[in-house]
Each structure stands twice: as C-alpha cells, then as structure tokens.
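Okay, structure first, notes after.
Order of the sequence lines sets the chain letters (A, B, ...), proteins ahead of strands, with each chain counted from 1.
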Amino acid sequence: MISFVNRYIASIVLLLSVLISSFEITILGKPISNYVNLQLILIYVFKISNPGLNFGKGIFLFLISIISDVLNGLWFGTSGILYFIVFAVAAFQASIKLRSFFISEWISFGVSLIIAYCVFFGLEFLHHETIYKNAQTTHNHMTEIMPLLTNFIITLLVYPIFWFIISKLVSQNAYR
Amino acid sequence: MKFASSENVDVKKNIIIFIIISLILFFIDRSDNKYFKVTRSAINDGIIYATVVLKSPFNFISDTVSSFNNFFVDEKIIAKNKLLDLENEVTKLKNEKITLLLQLENLKKITGEENYKFETIKTKVLSFKSNILSESIIINKGSLHGISSGDPIVKNNMLVGKITDVNFSSSYGILITNINSRVPVRIGEKNYNAIAVGNPSNANTINLDFLPKEYSLNEDDYVYTTSIDNIMPDGILVGQIKKDKQDKFYLKPMYDFNQMDYLTIVKMGK
C-alpha cells in the first residue's frame, strides 16, 4: 500500500488538490484558489524534481483535468489544455538540463504560466462570446485581466515553497 | 523492455495527443451538441457524486477538528459568542421584517402576487467552488427534477444566484457576485431599471450597469429583481444601495454567502 502511494504520489496529490480545493480557505475575504493555482505548480514541480514521472503517460493527468473541469463548471478540455501546456514545458525543461538549476526552472515555470494563462484567457473569451451572443448586455474582458494577473504573480512567487517541499521531501520515490 | 529515452518519446507523443483531445472536447462541448450534452450530464453526475463520497472523510476530519477545538474554548467565550450570534439573529430578523414589508407593498403596487406563481424546489449545496474568475455552486437537483438553465436560486426570498448548467440530477449555479452574473433589477421607490453585474475587484459588492442617464439614488434603497422578458420572477430582494469612499453607488447583496447549505430554486419552466 505504501509503495503504491509512493509510486503514484504525484497523481494522488494532484487529485487531492483538485478535490480539496472546494474547502474554502479564505485570505482577505477571497478563497485561496483566487490567489494561487496549486495544480499548475504541482504538475510542474513533480515533473521537474523527478524527470521520470509521467502521470501514467499523461492518462492520469487527463482524467484529473476532466474531474477539475466538472467540479469547476468549465467546458471539458479547458483544464486539460492548461495542465498539458505546463507539463510539456516541464518535460522539455527536464529533458534539456544536465543538473538541477533552480533559477532556470523558475523562469521556465513563469514562461509556462504565461502561455497557459494566455490560452485560458482566450478560452474564457470564447466562453463569454457564446454566453452573451444573444444577451443585451456587454461584457468587459478587461475586468478579467486583473484577477488573472494577481493569480499569475502569486503563483509564480509561491513556486519556491512547493519546489522545496516536493523536490526535497516527496518526489524522490515517485516514478509514475 | 523500454529505454528511458523511448519512454520520453512516448510521453511527448502523448502530450500532443492529449492536447489535441482536450481541444476537440472543448470545441464539441462549446458547440452544445445534444448527444454530447447527454454524455456530459452523465459524466458530470458521476464525477460530482463520486467527489461527494471521496470528500466525506475530509469533511468528517474538518468537522471533528472544529468540534475538538470548541471543546477547549473557554465557556465564557462560548457564552459571549452565543450572545453575539443571538444579537445578530435579532438584527437579521428585524431587517428581514422591514424588507419583507417593503417588498410586499411594492409587489402589491406593481405586480400583485407574481412572485408566488412559480413552483419552487429545495436543494442541498454539494460543493462551493471558487476559481480565479468565478464562484460557482453545485446542487443536488437537475433536469430530472424540472430545473432548467437560468432558474433563480433564492433563500428567504433573497436572490443568491442563478442556474447556469443542468445535469440529470445535479446542476451548476453562479452567485450574483460572480463576474459572469447579469441580473435585471429595479431600484428604490422610483423603480429605476438596471443590470446588476458581479464586481471582479470586490467579491462582496455588485456593480449597477445600464442605469438611466439621469438618476438619483438614496443610500439604503432596496433593490429587487424585475421580470423583463420573464428571465427572473419579479420582486426577489437582491440587496441594498450603498455609497463607497468616492461617493459612487454600488449594490451590497443582502444574502450572507457563508450560509450555503440548503437553497431554493424557483422553477421558471423554460
């Protein structure tokens, strides 16, 4: 049982983070998920700290993304696209490095977040275009940029904490 | 036997395949295909109820921890908290009485008893989820119970949100504070029409769009839903008008969004 948990620790932790994120822990009146995108950090850190880890060749990652879409009320595939963008950047970064170099990993995490958030903004744009195509009200997309920007900055700043915890303590035994 | 490099090639291939599958799923879901909608409803119901079961041990742990903490809290503090709770309850009931009387008068003047011609159904909130851009809830009633997309979610005749997506036996709803929420409202005694829109910069306030060119609002004016195009029933209390530091008017919702255990859905029968 322990060896099973160790082997699939990355997928289990990611699944739990998706499930538990519905317990609202608030900071300054807003839920913590408004500030930090925990799932993207976990995917990146697990892959970087253990390059052999592949989330069941991506199948578990895809299934978890579907669960996340259902629980967040998003269209199917939205989380999947974001998760796989971050996973692809992490896989690329893990394959080109000879040894762990924290700053370059952190910068490439920032790059993966920028790509993921741009895609998310585009998908949200399509979402609103569909919702409001028959409505008489207008929707100002600029109002969505600030929460996304805040989330991006805090997620980037929080990365070192998770990197330290996962790369030093958890990820050594996980290889799936 | 596979070498590490061949496995890496497999994974890279899989990443591309899953991104393509995700994109295909996204566009099929967006196209609102009726066959996919049925499949989606079944998948949603399955995952939602499985999540409720999986989350139950965590709920149990969280409840146990809070009751364990309460056990060690000083009795005086408990008594003080109870007193505060009771005082809050009295204030709340007084407010409710005032608002209900005002609402009743307004309803009599304008729409009679239109508010009560719709059937309602009680539901339990399965999950409250908040991500970067939206606060949404999942409830335990769906199309099998006659709920349809756009139905208002209320509690004690105060508007909480509306249904956005319906599965067979569960549904998604958004709160009125959600930035995607648009509710037609009328304001105060002058009955100005406007659209209440969630405020992304402050979760506990709502902006008012499409107000008349010249308007004069009073602080503490009550805001009700209006039944333009039969989107909402008329006369559900939404909130009160308040002024911010820059003397700008905004709408403060009446409902306390921390109390979301059981809610009522007004079936609009669309």
Side-chain angles (χ1 to χ4, degrees), chain A residues 15-16 18-24 29-34 37 51-52 54 57-59 61-62 65-67 69-85 87-88 91-92 95 120 123-124 126-128 130-132 135-139 143-144 146-148 150-151, chain B residues 4 7-8 10-19 21-30 32 36 40 43-44 46-48 50-51 54-55 58-59 62 126-138 164-165 172-174 179-180 182 195 197 199-204 209-210 229:
Chain A
L15 178 62
L16 287 179
V18 170
L19 296 180
I20 296 175
S21 59
S22 52
F23 288 100
E24 292 303 322
K30 283 185 177 179
I32 203 161
S33 50
N34 276 28
N37 199 323
N54 292 320
K57 292 186 179 175
I59 296 166
L61 197 58
F62 181 72
S65 78
I66 295 290
I67 294 172
D69 286 338
V70 170
L71 295 179
N72 283 304
L74 298 168
W75 278 335
F76 279 173
T78 311
S79 302
I81 296 166
L82 304 188
Y83 287 5
F84 279 102
I85 286 171
F87 186 59
F92 175 71
S95 67
F120 182 68
L123 297 179
E124 273 291 308
L126 285 176
H127 189 86
H128 291 303
T130 311
I131 289 176
Y132 297 113
Q136 290 173 346
T137 60
T138 55
H139 183 77
T143 56
E144 294 172 1
M146 276 316 286
L148 271 176
T150 314
N151 191 283
Chain B
E7 183 141 326
N8 277 343
D10 277 356
V11 172
K12 280 173 193 166
K13 219 192 302 172
N14 282 3
I15 289 172
I16 296 164
I17 291 168
F18 281 121
I19 287 180
I21 293 173
S22 299
L23 276 169
I24 292 168
L25 274 178
F26 180 83
F27 284 104
I28 293 174
D29 205 2
R30 185 173 173 250
D32 221 17
F36 188 74
R40 192 206 154 104
I43 295 171
N44 282 353
I47 291 176
I48 287 166
T51 306
L54 280 172
K55 262 173 61 182
F58 298 104
N59 282 325
S62 134
L126 295 177
S127 168
F128 172 62
K129 193 86 182 173
S130 183
N131 59 26
I132 312 168
L133 298 174
S134 66
E135 288 169 321
S136 58
I137 52 172
I138 300 173
T164 52
D165 207 355
Y172 294 99
I174 54 168
I179 60 167
N180 297 328
R182 304 284 185 278
I195 302 286
V197 182
N199 184 352
S201 52
N202 191 336
N204 292 317
D209 282 2
F210 298 100
D229 289 338

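The CG atom of B/Asp29 lies 8.5 Å from the CG atom of A/Asp69; values are rounded to the nearest 0.5 Å. Distance check, rounded to the nearest 0.5 Å: CD1 of A/Ile67 to CG of B/Asn44 gives 11.5 Å. Note that CG of A/Leu71 is 6.5 Å distant from OH of B/Tyr172, once rounded to the nearest 0.5 Å.
Both the backbone and the side chain of A/Ala88 come within less than 4.5 Å of a heavy atom of chain B. In this structure, the portion of B/Ile138 lying under 4.5 Å from any heavy atom of chain A is its side chain and not its backbone.
Contact count against chain A (heavy-atom pairs under 4.5 Å) is highest for B/Leu23 among B/Ile28, B/Ile17, B/Asp165, B/Leu23.
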**Prompt:** Taking it one step at a time, do A/Phe62 and B/Leu25 satisfy side-chain contact (heavy atoms from CB on, under 4.5 Å)?
**Reply:** CA-CA 12 Å; A/Phe62 181 72; B/Leu25 274 178; 3.7 Å; yes
**Message:** Under the criterion side-chain contact (heavy atoms from CB on, under 4.5 Å), I'd like the reasoning laid out for B/Phe18 against A/Ile59: C-alpha separation, chi angles, the key distance, then a yes or no.
**Reply:** CA-CA 8 Å; B/Phe18 281 121; A/Ile59 296 166; 3.7 Å; yes
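Considering every non-hydrogen atom in both B/Arg40 and A/Leu74, the closest pair reads NH2-O, 3.2 Å. Of all non-hydrogen atoms in A/Phe76 and B/Ile43, the two that sit nearest each other are CZ-CG2, 3.9 Å.
Here the side chain of B/Asn14 pairs a donor or acceptor atom with the backbone of A/Lys57 at under 3.5 angstrom.
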